[in-house]
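Working notes, beginning with the structure itself.
A note on names: the letters A, B, ... follow the listed sequences, proteins ahead of strands, and every chain is numbered from 1. Just so it is clear, the model here is predicted, and its values are computed rather than measured.
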Amino acid sequence: MTNKEIAKIFEELAQLLEIKGENSFKVRAYLNASREINALPYSLESMVKDGKDLTKLPNIGEQIAKKIEEIVNSGKLEKLEKLKKEFPPVLLDLLSIEGLGAKHIKTLYENLHFSTVEELQELAKEHKIRTLKGFGPKLEDKIAKGLKLLKQEGIRFLYAQAEPYANELYKYLQIAPTIIRLEIAGSFRRKKETVGDLDIVASASEPQKVIEYFTKFPKVSQIISAGDTRSTIVLENSLQVDFRVVKDEHFGSALHYFTGSKAHVLEIRRMAQDLNLKINEYGLFSNDKNLASKDEADIYRAFGMEYIEPELRENRGELKSAKNKILPKLIELGDIKADMHIYSNFSYGENSIEEIANYAQEMGYKYIAITDHFGSIDTNKIEQYLKEIDKLNSTYKDFKIIKGVENDILEDGSLALNNNTLSKFDIVYGVINSNFKLPKNLQSARLIKAIQNPYLSLISHISNRVIQQDEGIELNYKEIFNALKANNKYLEINSQPNRLDINDILAKEAKKYGIKFLINSSAKSLEELHYIKYGVNQARRGWLEKGDVLNCLMEFKILPFISS
DNA sequence: GCCGTTTTCGGCCCGACTGTTTTCAGTCG
C-alpha cells in the first residue's frame, strides 16, 4: 500500500462526504490529511509496521491515524466502502466537471437517481436537469459537454511542456494596453515538476483593457470567464490559464497570493490571524490599514521574515526557517560548472564526444563527464572510447573530459561490467534497467549492495520513475541514505523533464543525512544539455545550496571520484 | 476531524465570477 493509494482513499472519502452534505470542516480535514500524506517522504506502511505515532504528523489526528492503520492492515477503509455502496462511482467523476461541485451533484442525484454517465447524458438530452432548483439551461449544457470530456481529465503538464506557452503568453501580455507589471505565478513560478494550469498576475491602470486583450490571445480555444479583474481561458492544447489584474499598489500581495502554494498561503494567513492581522490578495491589513502590498518582499518583511523564494513555498518548514533567518541560499543555474552525465554516439547519444565537448565549452563548462552505456560484451568499443577521450583531452588546456560509464545493476546488486573494466573509468553510474517490480526489501538490498561496490560512484535516477506514467521502483530510503552516507556515495538529480529523479522531497530529506548531489542532464543531444535547468529547479525545490552539489566545484581535480 | 504557551471547546481563508436568482448560492483558485 503506497502513500499515494492511501492519500487517494482519504480524497475519495472527503469527496463522497461532501456530496453527502457532511460538515465541510470535516471534509477539509480529510483533504488536508490526504495532501499531507501525498507529500510525505517515507512510506506510511512502514511507519505503521514500525509502530510509529502517526498523530505526530501535521493534519493527522487520532481518528485519521486509526483509519490509516486500518487501511495498511486490511487494504481498505470500511467507512469508504460503505459510502461507495450508498453513492454510485459516477458521482466522483462528476466532480471533475468544471463548474460543477458537490452541492449540485447532491441535488442531481437526489432528484434524478441516475447511476451511470450514459443515464445522466440521456437526462441532459431530455432537458430534465434544467428544471431542477438551482439549475438552468447553461448549467445543463455545461454538464452535457463535461460528460463527453470526462475521460481525458486529470492530466497535468510537465513543466517543460508548459514552459513555451508560458513564455509566449508572457511576451504577448507584456505589450497589453496600460499594463505595468507582469509575472507568471502559481506552480509554474514555484518550478513544480508538473503544472495543472498557468496562473498569471499583472498590474495595470485600466485592468478591463488588459483582460480584453488577454482573451484575444491567438491560441485561445475557450473563454471560461472574463470579468473586470480576472479571466480564465483554455488554450488549444487544453492548458488552462487563470489571469488576474490588479492595481499596481496591490501587485505584491496579488503575486504572493497567486503564487501559492495553497498550503503556504494558508499558513501565512494563520500567522496573520495570530497577530490580529488579515491577509488577502490586496495586502496585509491591521484593521483598515494596509501594511504591505506593493512588493512581495514587503509582506515577508512585515512578518519579520527573510524573503522566501517561490520554489520553497510549499509549507515544508520554510516559514519557520524564514522567521529564524536560516533559509538556504538556493543553488542557481550559473553555479553549475559541469555536466557529469552525457551520452555520446558510442551509445544512446546523437553526437560525437568532440561535438559535445565543443558545445559544453560554449556553454561555459569547465569539465564534463561522458558516460555512455556499455555492457559486458562491449570490450573493444570501450577501449576505443577511452582512447578517444584521451586523444581529445591532450588537445585541451582549460577543459577536461572525465571518463564515465553507465552500467546496469543486476538483480543481485552486482554490476554488469567486471572490476577490471570498471577501474578504467573515473566515474561509474549504476542504473536499474530490469526487475523493476522486486519487493521493497529486496530492491533496497540490491541497491545497497551496488552502493557498497567500491567502483560505483553514484546511482542514476534512483527511483526510476517517469512522471505521470510510472511510479518507479519501491525503496526504503532511510536505508538507502544511510548506505550512501556510510560509503561516501552521491545522489544524482537527473534533469530529464519527465524524470527529475531524485525528487525535491527526497532530496531535501537526503540532505539531512549530509549526502552530496550531482545535477546532470543525461543528455542524448546537444539541445538536451540545456535540460540541466530543470534539474536545478528540482534541486532548489529540495532546498539545495551550491555547496550541496559537487558539479558546482570549479576544479574537476577535487572531485572525490577522480583518482589521478 | 484537526488544532492549541492566551484555548480540550470553538474555531476552521476569503474574494471574484457565473448563473441562478429577484438578492444570492455555488464554485473556483
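Pairs of residues two or more places apart, or lying in two chains, that qualify as salt bridge (Lys or Arg N to Asp or Glu O under 4.0 Å) and include a residue from residues 202-217 of chain A are Glu206(A)-Lys209(A), Glu212(A)-Lys216(A). Sorted by first then second residue, the side-chain hydrogen bond (donor to acceptor under 3.5 Å, both in side chains) pairs that include residues 71-84 of chain A, not counting sequence neighbours, are Glu12(A)-Lys84(A). Within the structure, the ring-ring contact (aromatic ring centres under 6.0 Å, His included) test picks out the following pairs touching residues 42-96 of chain A (sequence neighbours left out): Phe87(A)-Tyr109(A). Applying the side-chain hydrogen bond (donor to acceptor under 3.5 Å, both in side chains) definition to pairs two or more places apart or across chains, those involving residues 195-204 of chain A are Ser203(A)-Asp248(A).
Residues of residues 50-63 of chain A having a heavy atom closer than 4.0 Å to DNA chain B, listed by number: Leu57(A), Pro58(A), Asn59(A), Ile60(A), Gly61(A), Glu62(A), Gln63(A). Interface residues of residues 206-228 of chain A facing DNA chain B, ordered by number: Ser225(A), Ala226(A), Gly227(A), Asp228(A); criterion, heavy-atom separation under 4.0 Å. Scanning residues 176-201 of chain A for heavy-atom distances under 4.0 Å to DNA chain B yields Asp199(A).
Rounding to whole angstrom units, CZ of residue Arg35(A) and P of dC2(B) are separated by 15 Å. Separating the CD atom of Glu18(A) from the C1' atom of dC28(B) is a distance of 12 Å, rounded to the nearest angstrom. Between the NE2 atom of His256(A) and the P atom of dG15(B) there is a distance of 16 Å, rounded to whole Å. Nucleotide dG15(B) holds its P atom 12 Å from the CZ atom of Phe258(A), rounded to whole Å. Rounded to a whole Å, the CG atom of Leu266(A) is 14 Å from the P atom of dG15(B). Rounded to an integer number of Å, the gap from Asn23(A) CG to dC9(B) P is 18 Å. In this entry the distance linking OH of Tyr257(A) with C1' of dC14(B) reads 6 Å, nearest Å. Between Arg230(A) atom CZ and dC14(B) atom P the separation is 16 Å, expressed in whole Å.
Put simply, Thr229(A) has a side-chain N or O that comes within less than 4.0 Å of OP1 or OP2 on dC17(B). Residue Gln273(A) places no side-chain N or O under 4.0 Å from the OP1 or OP2 atom of dG11(B). Put simply, Asn32(A) has no side-chain N or O that comes within less than 4.0 Å of OP1 or OP2 on dC2(B). Contact check, Tyr282(A) against dA16(B): a side-chain N or O comes under 4.0 Å of OP1 or OP2. Within the 4.0 Å cut-off from OP1 or OP2 of dG1(B), at least one side-chain nitrogen or oxygen of Lys67(A) is found.
Between Glu193(A) and Arg541(A), none of the side-chain N atoms (NZ, or NE/NH1/NH2) sits under 4.0 Å from a carboxylate O, so this pair counts as no salt bridge. A salt bridge links Glu296(A) with Arg313(A): at least one charged nitrogen is closer than 4.0 Å to a carboxylate oxygen. A salt bridge is absent between Lys329(A) and Glu306(A): the closest approach of a Lys/Arg side-chain nitrogen to an acidic carboxylate oxygen does not fall below 4.0 angstrom. A salt bridge between Glu311(A) and Arg190(A) is absent, with no side-chain N of the basic residue lying under 4.0 Å from a carboxylate O of the acidic one. Ion pairing between Glu267(A) and Arg270(A) holds under the 4.0 Å rule for side-chain N and carboxylate O. Salt-bridge annotation for Arg130(A) and Asp141(A): absent, with no side-chain N of the basic residue lying under 4.0 Å from a carboxylate O of the acidic one. The pair Asp548(A)-Lys508(A) does not count as a salt bridge, with every side-chain nitrogen at least 4.0 angstrom from each carboxylate oxygen.
Defined by atom type and a distance below 3.5 Å, a donor-acceptor pair is missing between the side-chain atoms of Glu509(A) and Tyr477(A). At a cut-off of 3.5 Å, with distance as the only test, a side-chain donor of Ser43(A) or Lys440(A) sits close to an acceptor on the other residue.
Residue Gln240(A) is in sugar-phosphate contact alone, with no base atom involved, counting any heavy-atom pair closer than 4.0 Å across all strands shown. Within 4.0 Å of Lys133(A), counting heavy atoms only, lies no atom of the nucleic acid at all. Residue-level contact check: Lys26(A) touches the bases, meaning some heavy atom is under 4.0 Å from a base atom.
Residues forming a side-chain contact (heavy atoms from CB on, under 4.5 Å) with Glu110(A) (at least two apart in sequence, or on another chain): Lys106(A). Residues meeting the salt bridge (Lys or Arg N to Asp or Glu O under 4.0 Å) test with Arg35(A), sequence neighbours left out: none.
Under the Watson-Crick or G-U wobble criterion, with both distances below 3.5 Å, dT8(B) is left unpaired in every strand shown.
One C1' atom belongs to dT21(B), the other to dG26(B), and the distance between them is 12 Å to the nearest Å.
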Acceptor/donor pairs from residues 117-126 of chain A side chains to any protein atom, 3.5 angstrom cut, sequence neighbours excluded:
unit_1    : atom_1 : unit_2    : atom_2 : d
Glu119(A) : OE1    : Ser115(A) : N      : 2.9
Glu126(A) : OE1    : Lys128(A) : NZ     : 3.1

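With Tyr172(A) as reference, Phe217(A) is the one residue of Phe217(A), Phe243(A), Tyr165(A) to meet the ring-ring contact (aromatic ring centres under 6.0 Å, His included) rule.
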N/O contacts under 3.5 Å, protein versus nucleotides 4-7 of chain B?
none

| message | Output one letter per nucleotide in nucleotides 22-27 of chain B: B when a protein non-hydrogen atom lies under 4.0 Å from the base, S when only the sugar-phosphate is that close, - when neither is. | response | ----SS
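In this structure dT7(B) sits in the syn conformation; its chi angle is within 90° of 0.
Of the possible polar contacts, one joining the Ser34(A) side chain to the Ala7(A) backbone as a donor-acceptor pair under 3.5 Å is found.
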